[in-house]
Amino acid sequence: MSRAWTFFLLDQVFVYVLLVAGAVSTEVVYLAYKGDAAITWGGACGSLAKFCHKATATLAITFAVVICYAVLSLVSSYRLFSRYDAPIGYTNKGIDMSAVFRT
C-alpha cells in the first residue's frame, strides 16, 4: 500500500512542478514578445526571433506534458482509491438531504 501512495504522491508533485514551470515559461515568452513598459524593457523578439519561436514551441510541449501527467495522475488516483478500502473506523455520517429539504 505504501508503494501505491508513493506513486500517487509523486504523480501529484510532478504535475504541480510542471505546471509551475509552464507558468514561468509563459511569463518569459510574454515578456520576450511584449516587453515591460514600466521598466522600459522592450520586446526582444524583433532581434531574437529564433529564440522566440523555440520558446513558444517549448511552451506548447510543456503544456502538452502537463496534460499527460494530469491524466496519469487521475489514473493513479483511481487505481489507488479503487484498490484500497477506507481506513478502519471510518463511518459515513452524512446528512439525509431528503429530510433537510422537506417542507
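Along the sequence shown, residues are numbered consecutively beginning with 1. Atoms considered below: every heavy atom in the structure, side chains included; atoms not considered: hydrogens, waters and symmetry mates.
The side chain to side chain contact (heavy atoms under 4.5 Å, CB included) search around F14 returns L10, Y69, not counting sequence neighbours. A search for side chain to side chain contact (heavy atoms under 4.5 Å, CB included) contacts involving T62 returns T58, not counting sequence neighbours.
Linking ILVMFWY residues whenever their side-chain heavy atoms come closer than 4.5 Å, directly or via other members, leaves V66 and V17 in distinct clusters. Grouping the Ile, Leu, Val, Met, Phe, Trp and Tyr side chains by contacts below 4.5 angstrom, directly or via other members, places V71 apart from V15.
Separating the CG atom in D11 from the OG1 atom in T6 is a distance of 10.5 Å, to the nearest 0.5 Å.
Taking both residues in full, the closest heavy atoms of L59 and S25 are given as CD1-OG, 3.1 Å, listed atom of the first, atom of the second, then distance.
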Q: Go through the steps for L18 and F63 under the test side chain to side chain contact (heavy atoms under 4.5 Å, CB included), then give the verdict.
A: CA-CA 8 Å; L18 285 172; F63 281 110; over 6 Å; no
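Y78 places none of its side-chain heavy atoms less than 4.5 Å from the side chain of L74.
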